[in-house]
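Data block below; observations after.
We count residues from 1, following the sequence as given.
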Amino acid sequence: MDVLSSAMYEHRIYGALSEGKRIDGRGLYDYRDMEIEFGVFKNAAGSALVKLGNTHVIAGVTYELMEPYEDSPDEGSFVVSLEFPGIGSPEFFSGPPGEEEIEFARVIDRVLRESHFIDLKALFIKEGLAL
């Protein structure tokens, strides 16, 4: 975005806010419409499509059985990966994850680990086998 278009966009935002609106016409406290559809990937253990206004996010969960790590023999583990598909925006490219995707995945991973939202002991199946 060049300086002129950036200034015009900023002016548009301030104009909308002064009228008590957002730039998409919603009121300041109005929510975007939300839809959630489960089971969108047939080959995943779990998946969902979330639509929040014009923003669409697809998430899928897969798993594999493996031996627990030596330093946590009674816990499972998880890996967070993220892709911005080329069809989502002209700014995204197909291929291996870029720096932005890797950084977002790291942030999500850290939030999940530090919050203890996922109980790693619950991913432990039996001695020598975990998710």
Side-chain angles (χ1 to χ4, degrees):
M1 194 180 288
D2 64 22
V3 175
L4 181 59
S5 60
S6 177
M8 291 171 56
Y9 188 68
E10 185 176 325
H11 178 73
R12 186 172 160 214
I13 291 172
Y14 284 122
L17 288 173
S18 69
E19 295 174 14
K21 296 180 179 179
R22 300 173 190 235
I23 59 173
D24 64 3
R26 288 180 291 129
L28 296 177
Y29 300 103
D30 294 342
Y31 293 101
R32 292 185 279 174
D33 291 333
M34 182 181 353
E35 295 176 42
I36 302 175
E37 180 183 342
F38 297 100
V40 294
F41 294 134
K42 301 304 175 207
N43 293 333
S47 62
L49 166 63
V50 178
K51 297 178 184 178
L52 188 60
N54 291 328
T55 301
H56 298 188
V57 176
I58 297 176
V61 176
T62 60
Y63 68 90
E64 69 178 89
L65 298 176
M66 56 184 275
E67 290 186 32
Y69 294 116
E70 287 182 20
D71 62 339
S72 52
D74 62 342
E75 295 180 351
S77 63
F78 65 90
V79 175
V80 174
S81 62
L82 180 70
E83 294 179 34
F84 297 145
I87 195 168
S89 167
E91 297 176 18
F92 304 148
F93 301 97
S94 297
E99 286 182 34
E100 195 172 43
E101 292 162 303
I102 293 169
E103 187 59 30
F104 274 119
R106 285 182 182 156
V107 169
I108 294 167
D109 185 277
R110 171 149 295 155
V111 166
L112 291 172
R113 288 181 196 283
E114 296 297 321
S115 70
H116 303 284
F117 182 76
I118 297 175
D119 180 4
L120 297 180
K121 290 193 183 295
L123 299 179
F124 176 77
I125 296 175
K126 66 179 185 177
E127 189 172 332
L129 199 57
L131 292 178

For side-chain contact (heavy atoms from CB on, under 4.5 Å), just list the numbers for T62 and N43, CA-CA rounded to whole Å, side-chain angles, deciding distance to a tenth of an Å, and then say yes or no. CA-CA 8 Å; T62 60; N43 293 333; over 6 Å; no
How about D74: does its CG atom have over 12 heavy atoms from other parts shown lying under 6.0 Å from it?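 Above 12, so yes.
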Closest approach of [X] and [Y], non-hydrogen atoms and distance?
| X | Y | value |
| --- | --- | --- |
| R32 | G53 | CB-N, 3.9 Å |
| P73 | E70 | CD-O, 3.5 Å |
| E75 | P68 | O-CB, 3.7 Å |
| L82 | P97 | O-CB, 4.3 Å |

May I have the step-by-step check of side-chain contact (heavy atoms from CB on, under 4.5 Å) for F117 and V111, ending in yes or no? CA-CA 9 Å; F117 182 76; V111 166; over 6 Å; no
Can you check whether Y9 reaches R12 side chain to side chain, under 4.5 Å on heavy atoms?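 Yes. Closest side-chain heavy atoms under 4.5 Å.
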Do M34 and I36 touch side chain to side chain, with heavy atoms closer than 4.5 Å?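 Sidechains of I36 and M34: in contact.
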Transitive ILVMFWY side-chain link [X] to [Y], under 4.5 Å:
| X | Y | value |
| --- | --- | --- |
| V80 | Y69 | no |
| Y29 | I13 | yes |
| L28 | L52 | no |
| L65 | I118 | yes |

Measuring from [X]:[atom1] to [Y]:[atom2], what's the distance to the nearest 0.5 Å?
| X | Y | atom1 | atom2 | value |
| --- | --- | --- | --- | --- |
| D109 | I102 | CG | CD1 | 13.0 Å |
| E114 | H116 | CD | NE2 | 6.0 Å |
| H56 | E35 | NE2 | CD | 7.5 Å |

Verify side-chain contact (heavy atoms from CB on, under 4.5 Å) between L120 and F78, making sure each step is shown before the conclusion. CA-CA 8 Å; L120 297 180; F78 65 90; 3.6 Å; yes
Looking at D24 and R26, does any basic side-chain N land under 4.0 Å from a carboxylate oxygen?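 Yes, charged N to carboxylate O under 4.0 Å.
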Backbone N/O of E100 and side chain of E103: donor-acceptor pair under 3.5 Å: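 Flag not set: sc E103 to bb E100 has no pair under 3.5 Å.
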Where do F41 and I58 land on the side-chain contact (heavy atoms from CB on, under 4.5 Å) test, with the steps shown first? CA-CA 9 Å; F41 294 134; I58 297 176; 3.1 Å; yes
